[in-house]
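Hydrogens, waters and symmetry mates are skipped; everything else that's a heavy atom, side chains included, is used.
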Amino acid sequence: MLDDYPWESELWSGPFPAPGEGTLVAVEGPHGSGKSTTVQALVDVLTQRGVDCVPTKEPTATSIGDFVREISETVSGNALAALVAGDRWNHVETVIAPALIRDAVVVTDRFVPSSLVLQTLDGVPLSYITAINRGLPTPALTLFLDCSDDVLAERRARRRGSTRFERQGDVALEGRLYRAVSDRLSKHCLPRILVCDSEAMSPIAIAENAASRIQAIRAQAVLAR
């Protein structure tokens, strides 16, 4: 489903960090993979190491993000993809870019890979997803969380899903698409990709690993200036 368009070369070929000199980090993975817990753990670890860190998420905690969450129950396909992208562009302009300009680390729970997976599940062509997300800042690091379909299904069963993608979605297919995205990005830009098994590793262990990678990226960026 993700093999018929060169989305990675169009979306992950730009310079980073951009804009500003900060570091954009995206945490990705299927529903139930532990993104929210990992984001908090990563923010805690970075803060303890003296790093100016800004946690955020998508859909955003704004009127646009609230509208996207509400409308996603009844609107799908290209229309929803456009609304999600609109929220993301506003996210960049109002939260991400200002933080990057002051040299902070921005850690976002979901970014473009979530659109590649969820909007593909919603029947949206990859060419359209790519077009409406082209030009966004490229994360210096994208952290993908992965675990078995059985664990994902068990975790989802213990909670009421907040979106129709979680409540009604195919667990195995969603997991397979996230793995396909992380595999292709690893081949395209390996230094910017980190894949962790959230079944085998604790959130703290993942956060420590990611924080060390982030600090190495920031140190290299300083030398390159």
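- L24 contributes atom CG, which lies 10.0 Å from atom CD1 of I214 (distance to the nearest 0.5 angstrom).
- Using bins of under 30°, 30° to 60° and over 60° for the plane-to-plane angle, the ring pair F165/H31 lands in the parallel bin.
- Salt-bridge check for D87 with R69: failed, with every basic side-chain N at 4.0 Å or more from each acidic carboxylate O.
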List the steps and the verdict of salt bridge (Lys or Arg N to Asp or Glu O under 4.0 Å) for D149 and R179.
-> CA-CA 12 Å; D149 296 338; R179 291 174 201 119; 3.3 Å; yes
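- Q48 and D44 share no donor-acceptor pair across their side chains, judged by distance under 3.5 Å alone.
- One N or O on the side chain of E28 and one on the backbone of F111 form a donor-acceptor pair closer than 3.5 Å.
- A 4.5 Å side-chain heavy-atom check between P30 and V171 finds every atom pair outside the cut-off.
- Under the 3.5 Å distance criterion, with hydrogens and angles disregarded, a donor-acceptor pair is assigned to the side chains of S115 and R88.
- For the pair T130 (side chain) and W7 (backbone), a donor-acceptor distance under 3.5 Å is absent.
- Of the possible polar contacts, none joining the R110 side chain to the P59 backbone as a donor-acceptor pair under 3.5 Å is found.
- Annotation for E73: atom CD counts as buried by contact number, over 12 foreign heavy atoms lying within 6.0 Å.
- Side chain of K35 to main chain of T108: no donor-acceptor pair is present (N/O by atom type, distance under 3.5 Å, no hydrogens or angles).
- Ion pairing of R218 with D103 is present here, as a side-chain N (NZ or NE/NH1/NH2) and a carboxylate O approach within less than 4.0 Å.
- T37 places no side-chain N or O within donor-acceptor distance of the main-chain N or O of G34, the cut-off being under 3.5 Å.
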side-chain hydrogen bond (donor to acceptor under 3.5 Å, both in side chains) between Q119 and Y128: does it pass, once the steps are laid out?
-> CA-CA 10 Å; Q119 266 67 70; Y128 183 76; over 6 Å; no
